[in-house]
Amino acid sequence: MWEYASTIVTIASFILTAGGMLVAVTWRLSQTEIALREAINTSRGDIEDKQDRMAREFGETVTAIRQKVHEIETWARDEFVRKGSFDNAMGRVEKMLGDQFDRIEIRMDRMEKKIDDKMG
């Protein structure tokens with residue numbers, strides 16, 4: 001039996017070395033898995049933070065656009081006149097100008113008459 005002792009020791013060493021390597025590889029894989037899970041969780045948190053920030057910035061942009069549209073609507077309301085109001089105002093201006101031209105025409109007729117009376 002002693003003649004096989006070196007072979008038995010060699011096989012036992014191989015089995016122990018293979019078992020040790022298997023344990024080391026398993027331990028290293030578990031450590032790698034833990035590190036990957038931590039990296040994934042960190043990345044997930046970063047991505048969620050960026051999404052929240054982008055959603056907030058988009059909301060602020062929409063609010064700013066809404067405010068600007070309101071300001072433009074208010075400015076347009078205060079600066080411009082509706083068609084109906086404009087037509088009414090122009091009608092009054094035309095009537096006033098017509099009355100003034102009528103008065104000027106009456107005065108011109110009177111002046112012509114006076115000139116004709118003095119000449120004739």
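In what follows, every heavy atom counts, from backbone to side chain, and hydrogens, waters and symmetry copies are set aside. For this chain, numbers begin at 1 and follow the sequence in order.
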Output all residues satisfying salt bridge (Lys or Arg N to Asp or Glu O under 4.0 Å) with Lys95, sequence neighbours left out; order by chain, then residue number.
Asp99
Does any part of the side chain of Thr74, heavy atoms only, come nearer than 4.5 Å to the side chain of Arg77, both counted from C-beta?
yes
Can you give me every donor-acceptor pair (side chain of residues 33-41, partner residue at least two apart or in another chain, under 3.5 Å) with its distance?
unit_1: Glu33; atom_1: OE2; unit_2: Arg37; atom_2: NE; d: 3.2
unit_1: Glu33; atom_1: OE2; unit_2: Arg37; atom_2: NH2; d: 2.8
unit_1: Asn41; atom_1: OD1; unit_2: Arg44; atom_2: NH1; d: 3.2
unit_1: Asn41; atom_1: ND2; unit_2: Arg37; atom_2: O; d: 3.3

Rounded to the nearest 0.5 Å, how far apart are CG of Leu97 and CE of Met90?
8.5 Å
Transitively linked via ILVMFWY side-chain contacts under 4.5 Å: Met108 with Phe101?
yes
Got a list of side-chain donor-acceptor pairs under 3.5 Å for residues 49-69, not counting sequence neighbours?
unit_1: Thr61; atom_1: OG1; unit_2: Glu57; atom_2: O; d: 2.9
unit_1: Thr63; atom_1: OG1; unit_2: Gly59; atom_2: O; d: 2.9
unit_1: Gln67; atom_1: NE2; unit_2: Glu71; atom_2: OE2; d: 3.3

Before accepting this row, confirm whether a basic side-chain N of the pair Lys113/Asp109 lies closer than 4.0 Å to the acidic partner's carboxylate O.
no
Got a second to check how far Ile47's CD1 is from Thr42's OG1, nearest 0.5 Å?
11.0 Å
